[in-house]
Amino acid sequence: MDYDFKKIEKKWQDRWAEEKTYKVKEDSSKPKFYVLDMFPYPSGAGLHVGHPLGYIASDIYARYKRLKGYEVLHPMGYDAFGLPAEQYAIQTGQHPEKTTSENVARYRRQLDRIGFSYDWDRSFRTCDPDYYKWTQWAFIKMFKSWYDPQLDKARPITELIEKFETVGYDDITPEIWAAADEKQRSDILMRYRIAYLGETSVNWCEGLGTVLANDEVKDGLSVRGGFPVEQRKMKQWQLRVSAYAGRLLDSLDKLDWTDSLKEMQRNWIGKSEGTEMVFDTVCGDTHKPITIFTTRADTVFGVTFMVLAPESDLVDELTTPEQREAVQEYVKESKKKTERERISETKTVSGVFTGSYGINPLTGEKIPIWVSQYVLAGYGTGAIMAVPAHDSRDYAFAKKFGLPIIPLIEGADVSEQSFDAKEGRMINSGFLNGMEVKEAIEAAKDYVEAHGLGHRKTNYRLRDAVFSRQRYWGEPFPIYYKDGIPVPLPESELPLELPAISSFKSVAGEAPLERAENWTYKGYPLETSTMPGFAGSSAYYLRYMDPHNSEELVSADANRYWRNVDLYVGGTEHATGHLIYSRFWNKFLFDMGYVCEDEPFRKLVNQGMIQGRSNFVYRIVGTNRFVSLGLKDKYETTEIHVDVNIVHNDRLDLDAFRAWRPEYKDAEFELEDGEYICGWAIEKMSKSMYNVVNPDDICDRYGADTLRLYEMFLGPVEQSKPWDTKGIDGVNRFLKKFWRLFYDRDRWLVTDAKASPAELKSLHKLIGKEQEDIENFSYNTTISAFMIAVGELSDLGCSSREVLEPLVVLLSPFAPHMAEELWHALGHEDSVVYASFPEYVAAYTVEDSVTYPVSFNGKTRFTVDLPRKATPAEVEAAVRALPQTAKYTEGLNVVKVIVVPGRMVNMVVK
RNA sequence: GCCCGGAUGGCGGAAUUGGUAGACGCGCUGGACUCAAAAUCCAGUAUCCCUUAAAGAUGUGCGGGUUCGAUUCCCGCUCUGGGCACCA
């Protein structure tokens, strides 16, 4: 029987589905392991060969852990709400539900072909009402909670109300609370709720007709669609992610994530420890203290002016009548600009004087207050003290407008540029003179606090997440408005299902749900925004633990068993989006006692991207004649992308090329050695480059097992690399070779013969290697080890079941179909999934000798075989006891013997 | 500008973290089998000198250093991938 992968793979995929081989349940007699992939957004283009990379890696891990005796939760689902389906609906009028279902079905077919061990009974889509019920539920919980900074955790809002009623909290005294009407109370509480409705400067994207979160905007353009984004003040639902900034930062240390990813999150959270300081100001005859934030309290003596953000509320109050016109003009201009324009203008300095002055709290000096775009309203207090000598932005501003620059650090030359480094000795700084900068910062902070000028303050760049989208294809908010006051729906009313609407076309500024009929609750209007894409993906990993529970997001029992994700595999592109929101969401649920772990993803592996490898043909200009790569320099040619699917190992399939497109029907070729060689380049995998490789095609040609093996053999999982089909024959050959250990054509080769020591050694080396490598995600080297072992066993003519049976088990995580087929051929009734790895590991007895090269001063002179367990002293003694060689006896004096256990002996001689 | 990674044959990549650099695969060359092809198998394949072999020398981006010994550690560069970017 030949290795007929088509038959074998179909057969086992059907059997696995039918027998629910990969179904898992909470089994407290076994340790749990939770392996999760970032679930895909089911796009219309289907899967390309890059998508399964991470899925294959995690599937191997999941299968391996199963063999090791773990109960493994390995689910898959779809992140199905989102913009592309809706954009498509706008263009075609098709309901997003329909296209989503079609895309999901297509994804499922493609995934099934690759032989993943998912428990499909746990699968769901984020757009299923049974699922988004729990997204809405969590939102209501957030609405009904506040963040208690004392306890440093979220608490029910009722506790805050109780504080207001009894002792007061912040600036709300019991009297104020008692006097407040329903609307006022709602407004007060909005300032504290975790999910709240608030006016804020948001990223408004006209092209998409919706607001976006910070991570959905890049370089002033929307990540989806690339439309320009501008800043607008709007009332939007938000999540108080910023309250969790400190905890999100601190618990990064506990996570087994890559350093680069943690670093990205640290930057995004952007902790900075500084001081909030009050400056008195003079505007005409009125005084108004304003608060600024600085990390350089040591530089107050060098403050020569102050700057307000154009959006700051203080601008109006501090503008003198003479300056009013100029200031208003400037503010208007900057508001009109899109985010992108503002970014592109970062190098051009602009600003306008308000006419009023601040008082330097340490020197008493009067300093002008300006307005400029380089100060951001959303960070700190929206106002700064400017120290041109030691801040490059302040410096540029001072130079442009001729403001004084006072150096504060000894030896700092500020004639050309500012001196930003935090080092050196202070001068011109009163009581700070003579101190080192780091010392001075602390001393200044102490001084400021002691004299009541301000206090220490930690700021974060992480902003609250804007949570509403003026779009259709998302979760509706479970909120209605009673006389303008937002009220959550009773939980019994969940899920609040997305209503039908007549047209998907977006109308400027109008949310599609405004067009829904009867979008009301008990006669009150319902919220017409929907939730953003990250809402549904923030807690999905919890739902897999208990996907059919209609009473709870996840039952306490299921949650206690599965706890959190042990291994999460996905791309880095979610570093500052999904992975922050999920952690936030999980921490909130943890605070409220709904989940038992503070962090959702213990270990995270980022798989690299698979790039495309494009192929080119070269057409002689003005003809339909194509020249092979090596000959193209003889002519003037145009480089044309050619579909990589009609090119094999850079050789063009001429007939397929002629058939590819009508205009090439009569193409002529100039060949090299009878072949047409194509040029190539590494580019992003995309349709327009004709370099998209569909996994289905690889499965047709080589089989899923080869695809799995090859994707892993390409290189380390974490690394980005181009898809290049050149090497695929190698792993395919390996599988055939593996098969031939069992079958010679129709003859079954396996016998009950006793394994030879050499055969066992091969097997045991592999067992050792596989265990070590899989734990380190080093699958390419495991496969190498496999190739070596199979080569050795094949050379030895190994037929012993004692060796071949464990070999099948070892193969099963990588090539599950072939392993399953052989496992059954070996007479097993059950799936190879139920085989037990530890059994074979127990027999792991590599007990061999080590060949030590013995060298003098680094040059190898002879070797000696010794048992692996020999101690360095024993090795040295054995080497010294050897019959002396000519070189050894030539009066050489051995000064030192260096023994590297298991490796080598080096003698230092004189 | 700031913060992380990388750099090893013709190519993808190994090297047990300081111990025989180049595992394994691809590609290439030669051979076996075959009427032939495919498939399969065997041998060779870092560079230089050389008809070949032996022997030698060089060799992990570049320049230094530590060490008996450096792809690995330290210092200074070059190139390159990624992230952040008026965050006070």
Considering Watson-Crick and G-U wobble pairs with both distances under 3.5 Å, what does C48(B) pair with?
G56(B)
For Ile384(A), which contact category applies under a 4.0 Å heavy-atom criterion: base, sugar-phosphate, or nothing?
base
State whether Trp257(A) and Arg583(A) meet the cation-pi test: NZ (Lys) or CZ (Arg) under 6.0 Å from the six-membered ring centroid, and within 45° of the perpendicular axis.
yes
Which nucleotide sits closest to the side chain of Phe713(A): U40(B), G13(B), C24(B)?
C24(B)
Complement of G76(B), any strand, by Watson-Crick or G-U distances under 3.5 angstrom:
C62(B)
Nearest 0.5 Å, please: how far is CD in Gln611(A) from CH2 in Trp723(A)?
13.5 Å
So which nucleotide from A88(B), C3(B), A23(B) ends up closest to the side chain of Tyr379(A)?
A88(B)
Flag the pair Lys726(A) and Asp724(A) as a salt bridge only when some basic side-chain nitrogen lies within less than 4.0 angstrom of an acidic carboxylate oxygen.
no
Are the charged groups of Lys761(A) and Glu792(A) less than 4.0 angstrom apart, N to O?
no
Taking the minimum atom-to-atom distance to the side chain of Gln719(A), which one of C24(B), C26(B), G13(B) wins?
G13(B)
Under a 3.5 Å cut-off for both distances, is C24(B) Watson-Crick or wobble paired, and to whom?
G12(B)
Taking only the side-chain nitrogens and oxygens of Ser272(A), find out if one of them lies under 4.0 Å from OP1 or OP2 of A88(B).
yes
Rounded off to whole Å, could you give me the CG-to-C1' distance for the Leu735(A) and G25(B) pair?
13 Å
Applying a 3.5 Å limit to both distances, which nucleotide forms a Watson-Crick or G-U wobble pair with A85(B)?
none
Answer with base, sugar-phosphate or nothing: what part of the nucleic acid does Leu376(A) contact at a heavy-atom distance below 4.0 Å?
base
Nearest-nucleotide pick for Ser260(A), side chain only, options being A88(B), C4(B), C41(B):
C4(B)
P atom, C62(B) versus G10(B): distance in rounded Å?
14 Å
I need the CH2-P distance between Trp268(A) and C4(B), as an integer number of Å.
19 Å
Ionic contact status for Lys262(A) with Asp256(A), cut-off 4.0 Å
no
When both distances are under 3.5 Å in a Watson-Crick or G-U wobble arrangement, the nucleotide paired with U71(B) is none
Base, sugar-phosphate or nothing for Pro722(A)? Non-hydrogen atoms, less than 4.0 Å.
nothing
Tell me whether the side-chain N/O atoms of Asn780(A) come closer than 4.0 Å to OP1 or OP2 in A14(B).
yes
Assert: residue with more 5' nearest nucleotide on RNA chain B, out of Ser784(A) and Gly715(A), is Gly715(A)
Nearest-neighbour nucleotide for the Val375(A) side chain, G13(B), A88(B), G25(B) considered:
A88(B)
So does Glu416(A) pair up with Lys399(A), basic N to acidic O under 4.0 Å?
no
Starting at CE of Met609(A) and ending at P of G83(B), how long is that distance when rounded to a whole Å?
9 Å
Distance, rounded to the nearest Å, where Tyr374(A) contributes OH and A85(B) contributes C1'
16 Å
Shortest side-chain distance from Lys726(A), nucleotide among C26(B), G13(B), A85(B)
C26(B)
Only pairs with both distances under 3.5 Å count, Watson-Crick or wobble alike; so what is the partner of A36(B) in this structure?
none
Could you identify the nucleotide paired to C41(B), looking across every strand shown and requiring Watson-Crick or G-U wobble geometry with both distances under 3.5 Å?
G31(B)
Rounded off to whole Å, could you give me the CH2-to-C1' distance for the Trp723(A) and C26(B) pair?
14 Å
Arg740(A) side chain: which of C41(B), G12(B), C86(B) is closest?
C41(B)
Glu770(A) CD to C24(B) P, in whole Å, measures 18 Å
Nearest-angstrom distance from the residue atom CG of Leu462(A) to P of A85(B):
12 Å
Nearest-nucleotide 5' precedence on RNA chain B, Lys737(A) against Lys721(A)
Lys721(A)
Whole angstroms only, please: what is the CD-P distance between Gln417(A) and C86(B)?
20 Å
Considering only heavy side-chain atoms of Met787(A), the closest of C3(B), G25(B), C42(B) is G25(B)
Per Arg461(A) side chain, nearest of listed nucleotides C84(B), C24(B), A88(B)
C84(B)
Pick base, sugar-phosphate or nothing for Arg613(A), based on heavy-atom distances below 4.0 Å to the nucleic acid.
nothing
Within the 3.5 Å criterion, strictly below it, is a donor on Tyr702(A) or Asp729(A) matched to an acceptor on the partner's side chain?
yes
